[in-house]
Number of protein chains: 2
Amino acid sequence: MSITIKDVARRANVSIATVSRVINNKSDGVSDETRKEVLKVASDLGYYPNRVARGLVTNKTNILGLILPDITNPFFPSIVRGVEDTANKYGYNIILCNTDNSSEKEKTYIKILKENKVDGIICTSVAGSNDDSFKLSPNDKIPFVWLDRNLRETKAPMVYTDGVYGMCQIVDYIIKQGHKKIAYISGPKLNFSAEQRFKGYLKAINEAEIDVNNDLIKEGNYQIQDGNKCMMDIIESGEEFTAVVCANDLMAIGAIEALKSRGIRIPYDVSVTGYDDITISSITYPKLTTVAQPIYEMGCLAVDLLIKLIGGETIEKKEVVLKPELVIRESVGRVKRNWEI
Amino acid sequence: MSITIKDVARRANVSIATVSRVINNKSDGVSDETRKEVLKVASDLGYYPNRVARGLVTNKTNILGLILPDITNPFFPSIVRGVEDTANKYGYNIILCNTDNSSEKEKTYIKILKENKVDGIICTSVAGSNDDSFKLSPNDKIPFVWLDRNLRETKAPMVYTDGVYGMCQIVDYIIKQGHKKIAYISGPKLNFSAEQRFKGYLKAINEAEIDVNNDLIKEGNYQIQDGNKCMMDIIESGEEFTAVVCANDLMAIGAIEALKSRGIRIPYDVSVTGYDDITISSITYPKLTTVAQPIYEMGCLAVDLLIKLIGGETIEKKEVVLKPELVIRESVGRVKRNWEI
DNA sequence: TTGTAGGCGTTATCAT
DNA sequence: ATGATAACGCCTACAA
């Protein structure tokens, strides 16, 4: 089997307590001489500590759980990267869990993470609309923070970007280009981010004193094909529109496909916008005007928060809200005036 | 603290051995009556087993390590998904490690994974060109499999797709469209996949008895900007070419950008191909003709292999080689004949 | 069918 | 400065 602290102790003619001390860099209580000797023996033997055993006694694994819907969705890799990099900085590692937004899967994962005694959990998945999933056992709470999920009732802190603000910004921009008939392809309504963005859309529309036309509002599930289908529905409804605002980039890509398939030119005939600024959106044709979320930073901040929680600090600010940023590219044009036709 | 096996035992008026037996579903040696009682108490108390403690005695954590260069690279999410789904099927979880292809980072991660006593490792990162990284300590080998990295000298099994075959297919296809002046943008030469694909290119070219023109061959690092730069270099070299074969989709996207920026039309003036068939490649304009790797399956197969290894099975076939598939879309056209100009 | 007890590799609390 | 030794929570012979 593996080399243990015992082997090192025997070889170095010291007790395991001493070995443990030097391994853990306890500054006090071990002479330079023995420290050097122990280190040498440990290195010679190729010893490395067993974190499982250590975890059992310290009750700390230095592992974090990261729960997300689907890493295959281009929105998430950056989050993961932010989480991983930051966790690493603090000496933690990440167990990754894909839930496909199934609360069944999510519950199972949370159970497993707890069984594994992870030190904390970051969750950017469903979890119903409250913290219940995390209370498998009422006795032991585990530190956790919500990421990109603004829940109504939660005691856990959360990190997200201001969807109302972001969407308001981009719709405002569209309106300034002269558009008044602005379709909207929403994300799933029960999703808080979708709700926020929709609010932002309505806010901008209302402030510009434009009437909302419900026939121009469809709901999708944040996927490319949803964007495509909703766009088709809108086109076929026969309602007039000069711009389409999508609740995320993926659906905007789907909408663009649909528009192109009908020979509708972007942005000459119709303007299109996305949301998120995933990598793809600067590669589409035309390049997507969208709202950039600081995705990577969100991951970093979530870990910062979680680490504080783990350290027993009480978080004063339960909500860390980031500001998104309008990214103007090529998919929005000025509306055609009648006299220009 | 948490509820332990002891609490359950006390409450159920049995020994911890009995509780352990029912928790682990040992079929023998516990009456239905006590089993039911124990289960009830466990559930009432919200007991769940502590995998850290269990791992210490069983020497099994049911955790796998997954090492990859960068989850942000669109090639990897599907691999991760395949790995995670399959691992899950077998009751394992995944610790994710991003190395940025730094062998320093990689070594650190391998050390940590071993300290955490993961049951096995899947590696799709550099690790020099041999297994040395995994021999931090010569005494304890850890089961591992290489994924998408065909190493020269390794005793570990590996899963990859046949790059020679795949690239040969697509270059063949281009040649059949009448092209003879075919530029090539390679991946980093020390990378085995890049090497394989380059071989495939040469093979197809040679079989068609076309002379290779070294001025039309550039090397990038699999990133969009590399494709862009290499393409620019080729354009500026003044050499004639009617097609550009790229070693992956990302570089093809960069190449397309470069071409467009010079007003060169695809595929009318120049044909372009990619490799991998990541999601983006069906979204570019024009849609990319490319070679599809069964990315998700690669992840699944790697885990299948690893599980066998962990189970102590001896793997007869050290190499699992998958066949990629040509995906014809819109970025390749017939070469212009002189009389068509 | 059930219980006792040793041990997994560490850390941490006492002594010495 | 160092060494015994008792936990940590669980599994697993071995006994009863």
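A quick note: this is a predicted structure, and the numbers were derived from the prediction, not measured. Quick note on labels: first sequence line is chain A, next is B, and so on, each numbered from 1.
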Going 5' to 3' through nucleotides 7-16 of chain D, assign each nucleotide B (protein heavy atom under 4.0 Å from a base atom), S (under 4.0 Å only from sugar-phosphate atoms) or - (no protein heavy atom that close). -BBBBB----
Tell me if a side-chain donor or acceptor on [X] pairs with a main-chain N or O of [Y] at a distance below 3.5 Å.
X: A:Glu319; Y: A:Val159; answer: no
X: B:Asp119; Y: B:Asn62; answer: yes
X: A:Asp70; Y: A:Thr72; answer: yes

Using whole Å, report how far [atom1] of [X] lies from [atom2] of [N].
X: B:Glu115; N: C:dG9; atom1: CD; atom2: C1'; answer: 13 Å
X: A:Glu33; N: D:dT2; atom1: CD; atom2: C1'; answer: 13 Å
X: B:Glu37; N: C:dT1; atom1: CD; atom2: P; answer: 17 Å

Can you name the side chain to side chain donor-acceptor pair (under 3.5 Å) partners of B:Thr34, sequence neighbours left out?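 With neighbours one apart ignored, the set is B:Ser31.
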Can you tell me if B:Thr18 touches the phosphate of C:dT1, counting only side-chain N or O atoms and a distance under 4.0 Å to OP1 or OP2?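 So the side chain of B:Thr18 is outside the cut-off, no N or O lying under 4.0 Å from OP1 or OP2 of C:dT1.
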Are [X] and [Y] close enough for a salt bridge, meaning some N to O gap below 4.0 Å?
X: A:Asp85; Y: A:Lys89; result: no
X: B:Asp304; Y: B:Lys308; result: no
X: A:Asp44; Y: A:Lys40; result: yes

Terminal helix-axis angle for the helix from C:dT1-D:dA16 to C:dT16-D:dA1, with five pairs defining each axis and rounding to 10 degrees: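 Axis angle across the helix from C:dT1-D:dA16 to C:dT16-D:dA1, nearest 10°: 40°.
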Can you tell which of A:Val145, A:Leu305, A:Thr161, A:Leu147 makes a side-chain contact (heavy atoms from CB on, under 4.5 Å) with A:Val320?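 So the option named by the test is A:Leu305.
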Is B:Asp7 touching bases, backbone alone, or none of the nucleic acid, heavy atoms closer than 4.0 Å?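 Result for B:Asp7 = nothing.
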